[in-house]
Amino acid sequence: MEQNALSRKITVASLMSFAMPTVAMMVFMNLYTMVDGVFISRLVGIEALSAVNLVYPFIMLVMTVGIMLSAGGSAVIARKMGEGRQEEANRNFSMLILLGVVIGFTVLLLGKVFLPSLVQLLGANETVLPYCILYLSTLLPFMPCFVLQILFQGFFVTAGHSGLGLGAVALGGVTNILLDYVFVYSMGWGIAGAAVATGIGYSVPGLIGLFYFTVSQRKGCGLRLVRPVIDGKVLLHVVANGSSEMVTSLAGSVTMYLFNITMMRLLGADGVAAITIILYTDAILVAIYFGYSMGTAPLISYNYGEGNEEKLKRIKKISFSALAVFGVAVLLAAVSLASPMAAIFSGQGTPVYHLVVEGLPKFSIAYLFMGINIFASAWFTALSNGRVSAFISFMRTFVFLVAGILLLPLLWGIIGLWFTVPVAEFLSLFVTAYCMKKYSEV
């Protein structure tokens with residue numbers, strides 16, 4: 001079944017049909033995270049919303065490890081499936097799932113031990129400190145399931161069952177939203193209730209993935225969980241190959257931290273709340289690009305394993321054309337969403353509302369270029385060229401974006417901060433063009 005799904009004819013329609021479930025899965029996952037924010041801002045307060053954003057860089061650090069294993073492992077496993085080495089692919093897959101569980105429990109234990117120091121390091125002041133500690137301490141026990149959710153997002157696509165992955169994430173999202181209503185609104189648990197709802201939402205797709213790849217796939221010939229065998233060489237390859245996605249996610253954590261402390265310095269809690277709302281919107285829109293890149297990566301790896309250069313050229317040509325169109329559409333969507341998004345969280349006329357309406361259209365210029373840069377990095381990961389992929393991600397995020405956050409606000413204040421992401425993505429286009437010309441094998 002997996003070979004039939006991954007060896008399909010490459011057309012615009014077939015490529016979009018393969019990628020769209022992953023796009024929808026990524027959008028939906030970020031959408032229910034945003035719903036958390038709406039409940040918190042409306043029912044608990046802007047300070048609580050700021051607290052969630054202050055601790056989120058830590059959550060993103062955990063996500064970074066899962067994304068690295070998922071992206072790097074998917075490329076390795078899909079290539080082995082394309083080469084007909086199914087049992088070896090199963091053993092590698094099982095090793096990565098076991099490692100994910102171990103990482104989740106390690107984060108849980110270390111987080112509990114260092115929680116007060118961690119929250120202060122993330123920039124919490126006296127106003128938001130209690131909210132930060134309560135939210136993060138409540139969410140920590142769900143970290144093993146959180147890591148599993150991230151891993152299975154990628155491996156459902158690799159197994160040729162992106163629709164099932166979408167269904168699992170959708171079910172987790174609906175569960176989260178319903179429990180937000182019950183815990184935050186009906187029972188009045190406040191920010192702790194939002195954390196419990198989020199944690200249970202994380203757990204649903206993680207547990208569905210465990211069930212599917214053990215019980216449902218036990219007698220099948222596709223990707224499934226078997227007795228894991230620790231293979232250090234494969235693990236190093238997975239880590240190296242997924243390093244670009246790790247860099248992107250890690251940089252996201254660092255840049256969110258820098259956004260937070262810069263906003264706290266310039267505008268206080270209102271500034272942090274405003275950037276939180278903009279980043280919620282950003283997460284939903286960028287999910288389109290990441291979803292497309294994740295959705296097409298197994299096709300790239302599979303055809304690379306088969307040595308089918310004609311199909312690889314078709315994927316590259318269609319993808320860059322589609323992402324250019326997506327860029328314009330996403331920019332228009334972001335500009336039109338500025339006022340509604342601000343009103344949903346803070347109400348019209350508030351300082352936070354005006355900051356979002358001013359900042360989001362400027363911030364959104366980045367979407368014209370972002371999709372091409374994200375796909376280029378994913379392209380090299382799928383070709384098992386983690387070095388070039390990591391270079392694109394490192395330049396795009398740690399070099400251009402971090403430098404922009406540190407320098408542009410010093411020159412132009414809050415206006416400079418809004419333009420940091422567009423400037424970084426525009427500069428990254430030149431890096432992308434250079435790498436695609438020099439290092440792409442097709």
Side-chain angles (χ1 to χ4, degrees), residues 29-63 107-108 111-143 145-146 149 172-204 253 256-257 259-261 263-264 268-281 283 341-342 344-347 350-353 356:
M29 185 181 70
N30 286 285
L31 182 62
Y32 75 70
T33 301
M34 187 192 75
V35 172
D36 265 1
V38 173
F39 275 96
I40 291 169
S41 64
R42 287 296 193 174
L43 299 177
V44 186
I46 288 296
E47 292 82 6
L49 179 64
S50 300
V52 171
N53 201 48
L54 284 169
V55 302
Y56 201 69
F58 173 76
I59 306 299
M60 290 185 69
L61 282 176
V62 182
M63 189 186 303
V107 170
L108 164 60
K112 288 289 188 181
V113 172
F114 297 105
L115 183 59
S117 300
L118 174 63
V119 169
Q120 290 179 337
L121 180 65
L122 291 170
N125 60 19
E126 293 182 358
T127 303
V128 299
L129 183 65
Y131 290 115
C132 291
I133 291 176
L134 181 57
Y135 184 81
L136 190 54
S137 64
T138 307
L139 196 57
L140 279 173
F142 298 98
M143 285 298 103
C145 286
F146 177 55
Q149 173 190 280
V174 171
T175 301
N176 186 3
I177 292 169
L178 292 175
L179 292 180
D180 269 330
Y181 179 84
V182 173
F183 295 153
V184 182
Y185 178 73
S186 297
M187 302 181 68
W189 289 2
I191 197 171
V196 173
T198 298
I200 295 174
Y202 289 159
S203 302
V204 170
S253 177
M256 180 177 284
Y257 170 74
F259 271 129
N260 287 339
I261 62 173
M263 276 298 198
M264 186 69 80
D270 283 346
V272 176
I275 197 63
T276 302
I277 296 168
I278 288 176
L279 292 176
Y280 276 142
T281 309
M341 286 293 291
I344 288 172
F345 283 90
S346 63
T350 63
V352 173
Y353 173 87
V356 174

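Counting from 1, the numbers follow the sequence of the chain as shown. Here the structure is a predicted model, which is why all the values come from computation and not from measurement.
One distance of note links CD1 of I344 with OG1 of T281; it measures 8.5 Å at 0.5 Å rounding. With rounding to the nearest 0.5 angstrom, the CG atom of D180 is 11.0 Å from the OG1 atom of T175. Here the SG atom belonging to C132 is positioned 5.0 Å from the CG atom belonging to L54, to the nearest 0.5 angstrom. Note that CG of L118 and CZ of F114 are 10.0 Å apart. Values are rounded to the nearest 0.5 Å. Between atom CD1 of residue I277 and atom OG of residue S346 there is a gap of 4.5 Å, rounded to the nearest 0.5 Å. The line from CE of M256 to CE of M263 is 12.5 Å long, rounded to the nearest 0.5 Å.
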* Can you check side chain to side chain contact (heavy atoms under 4.5 Å, CB included) on L179 and V196, steps first, answer last? -> CA-CA 8 Å; L179 292 180; V196 173; over 6 Å; no

* Go through the steps to decide whether V184 and I40 satisfy the test side chain to side chain contact (heavy atoms under 4.5 Å, CB included), and finish with yes or no. => CA-CA 8 Å; V184 182; I40 291 169; 5.8 Å; no

* Asked: Can F58 and L139 be said to form a side chain to side chain contact (heavy atoms under 4.5 Å, CB included), step by step?
  -> CA-CA 11 Å; F58 173 76; L139 196 57; over 6 Å; no

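Residues N176 and I200 fail the side-chain proximity criterion, which asks for heavy atoms closer than 4.5 Å. Counting heavy atoms from C-beta outward, F146 and V62 have side chains that approach closer than 4.5 Å. Taking 4.5 Å as the limit, some side-chain heavy atom of F345 sits within range of a side-chain heavy atom of V38. Considering only heavy atoms from C-beta on, I59 comes within 4.5 Å of L136 through its side chain. In this structure, the side chains of Y131 and V44 come closer than 4.5 Å at one or more pairs of heavy atoms.
Shown here are the side-chain contact (heavy atoms from CB on, under 4.5 Å) partners of Y257, two or more places apart in sequence or in another chain: P57, I261. Partners of T138 under the side chain to side chain donor-acceptor pair (under 3.5 Å) rule, at least two apart in sequence or in another chain, do not exist in this structure. Y135 meets the ring-ring contact (aromatic ring centres under 6.0 Å, His included) test with no other residue; sequence neighbours excluded. Partners of T198 by side chain to side chain donor-acceptor pair (under 3.5 Å), not counting sequence neighbours, listed by chain and number: D36. Applying the ring-ring contact (aromatic ring centres under 6.0 Å, His included) rule to Y185 yields the partners Y181; only residues at least two apart in sequence or on another chain are considered.
Of all non-hydrogen atoms in A273 and V352, the two that sit nearest each other are CB-CG2, 4.1 Å. The two atoms that bring G111 and L140 nearest to each other are C-CD1, 3.6 Å, heavy atoms only.
The side-chain hydrogen bond (donor to acceptor under 3.5 Å, both in side chains) contacts involving residues 50-63 comprise N53-N260, N53-T276, where partners must be two or more places apart or lie in separate chains.
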